[in-house]
Amino acid sequence: MKPTRPLIEAVGLSISFGPKHARTRVVDDVSFRINEGEAYGLIGESGCGKSTILRALSGLNGDYDGALTLADKELPKTRSKDFFRRVQMVFQDPYGSLHPRKIVEKVLAEPLAIHGIDRASERITETLDAVGLGPSFRYRYPHELSGGQRQRVAIARALITDPEILLLDEPTSALDVSVQAEILNLLRRLRIERNLTYLMVSHDLAVIAHICERAGMMYKGKIIEELTSHQIRQSQAGQDYTREFLQATIEAVARRDEAVA
Amino acid sequence: MTDKSLSRTAKIAASSGSLGLWLRAPVPTSPFHARMQQLWLQWRRLRSNASALFGLCVVVVMLLAALLAPILATHDIYEQNLAARLLAPSFQHWLGTDELGRDVYSRLLFGARITLYIALLTTVIVAPIGLIVGTTAGYLGGWVDTVLMRIVDVFLAFPNLILALAFVAALGPGIQNAIIAISLASWPPIARLARAETLTIRKSDYIAAMRLQGASSARIIFGHIVPMCIPSVVVRVTLNMAAIILTAAGLGFLGLGAQPPSPEWGTMLSSGREFVMTSWWIAAIPGTAILLTSLAFNLLGDGLRDILDPRHG
């Protein structure tokens, strides 16, 4: 393994929702660190707080306690423009994450305009190529694209400003299985090509095992255990809950691995 | 698709040649091309909607009548001829003459100008104000929302015509004041509509994605939320035109809109009121024109809703 430094770190992260008298703590004192170039996963059942962590980290929700750091600097609650250039997010639902009245080119040109990046036209061509969409998709509206194609456009949008970190919020769960594999392989290839750091949230063990080297098992707002992808495959878990969770999906993992490989 | 529509498509392709091919090309080659293909699809959807097409035709005829009024008119609209007063429709005077011997047909044509002028100018004032207030309130939320929406509530608390009446009474009658008065009364519903749309749009992932790109609130509101609100506002405004025309005619009828020599339809209607029993055409003809125009705008608005609203797509 190459020498690494923690790029993202969460220390004592807690997030609560609701009015003062009836606050629900959704994320409870969570800490983790992600090294540069690493892919880290958060697994857990629905409602365990994994997407909430992602939204807090991305800057969509500034209402959290604890600290989030990027490259050893604590992030302010209101993120800077520079942060948005370095950290990008891919959403779960490709049908909701693209503006219905904007052609692909416009979707990709907008971030370039915001950050004042030059060579817009060439960059758009390059990025579309990188996500496996040809030039014929450039002037399409989202409703003319399939789910997988839309997700590729969403990934292209996230990549166009050359970020270091990609936050992935269940990027494949809204797609059908064969398309899932394509998108996962694309994400894997892009990470190697562009030396990206991933933080991926999923309830699907197979997806996490395929993409991530390490993963945190979440249960009721806490990370109860950290596992390597090897441990996930071998279902070696320290906690009872993790073992149960792994057991429940183990067959799916084995099956999916064949399909993806 | 049925055989009939298929053969029709083929016929269109044959008749329109390269333009038709360009509009139906599978891969658009420029942003303009993509936009035009969308418009083409929407036009085809509008064409299959009979009532909307009827509305559109009437509106186009109205526009042409207003535009070509000096050419189409047969008489001077201000020339009084007391020897020829209250004549029934004839070859000399197609729609008869009024109580001062003026040609009703010619006055109707020039009246279309005033009516459309009021309707369009009001719309141009009202739509942007309503859109900006509504989207800003909806997107920013918090105290901005509260303040803007209470202002809207204040305006909504007055009945439309009463507010316009009070305003015109204060400023004095006339077309300009009527336009301002009608605008004052008709922007709040549009702001409400735009706000409601914005509330559903602001939570969507594509807006979140823009925030994560570092886009400013202004960029998000004007670049991303406004385009989503425009279709429903266009529909609302088109439906509103009927109400605007009626309000303008109402003000004219009460003597607070356009002033007598001018051939505004409401004013014509009001002056024909005394002669309804003996010379029906003086009141009935501008009345019919008001009815037809409002109906046309309503039908067109309904049709536009069908083709523009993404939820109906």
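A, B, ... follow the sequence lines: proteins, then strands. Residue 1 opens every chain. From a predicted model like this one, the values you see are computed outputs, not experimental measurements. Hydrogens, waters and symmetry mates play no part in the numbers below; they use all other heavy atoms, side chains included.
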So which part of [X] gets closer than 4.5 Å to some heavy atom of chain B, the side chain, the backbone, both or neither?
| X | value |
| --- | --- |
| A/K102 | side chain |
| A/I103 | side chain |
| A/R79 | neither |
| A/F137 | neither |
| A/A154 | neither |

- Test side chain to side chain contact (heavy atoms under 4.5 Å, CB included) on B/D205 and A/Q92 and set out the steps. CA-CA 9 Å; B/D205 279 351; A/Q92 175 175 9; 5.6 Å; no
- Side chain from CB out, backbone as N, CA, C, O: work out which of these in B/R35 comes under 4.5 Å of a heavy atom of chain A, or both, or neither.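 When you check distances to chain A, atoms from both the backbone and side chain of B/R35 fall under 4.5 Å.
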- Check whether B/Q38 gets within reach of chain A through its side chain, its backbone, both or neither, counting any heavy atom under 4.5 Å.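 For B/Q38, the side chain is the part near chain A, not the backbone.
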- Between chain A and each of B/P31, B/G223, B/S216, count heavy-atom pairs under 4.5 Å; write down the option with the most.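 Most heavy-atom pairs within the cutoff with chain A belong to B/P31.
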- Message: Evaluate A/Q88 against B/Q213 for side chain to side chain contact (heavy atoms under 4.5 Å, CB included), listing each step before the verdict.
- Response: CA-CA 7 Å; A/Q88 274 301 316; B/Q213 298 285 0; 3.4 Å; yes
- Roughly how far, to the nearest 0.5 Å, is OH of B/Y206 from CZ of A/R157?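 Output value for this atom pair is 11.5 Å.
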- Is any side-chain heavy atom of A/F84 closer than 4.5 Å to a side-chain heavy atom of B/L212?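 Contact flag for A/F84/B/L212 side chains = yes.
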- Task: Would you confirm whether B/H224, through its side chain, and A/H99, through its main-chain N or O, come within 3.5 Å as a donor-acceptor pair?
- Result: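 Flag not set: sc B/H224 to bb A/H99 has no pair under 3.5 Å.
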- Message: Does B/H33 form a side chain to side chain contact (heavy atoms under 4.5 Å, CB included) with A/Y139? I'd like the steps, not just the answer.
- Response: CA-CA 8 Å; B/H33 194 177; A/Y139 307 111; over 6 Å; no
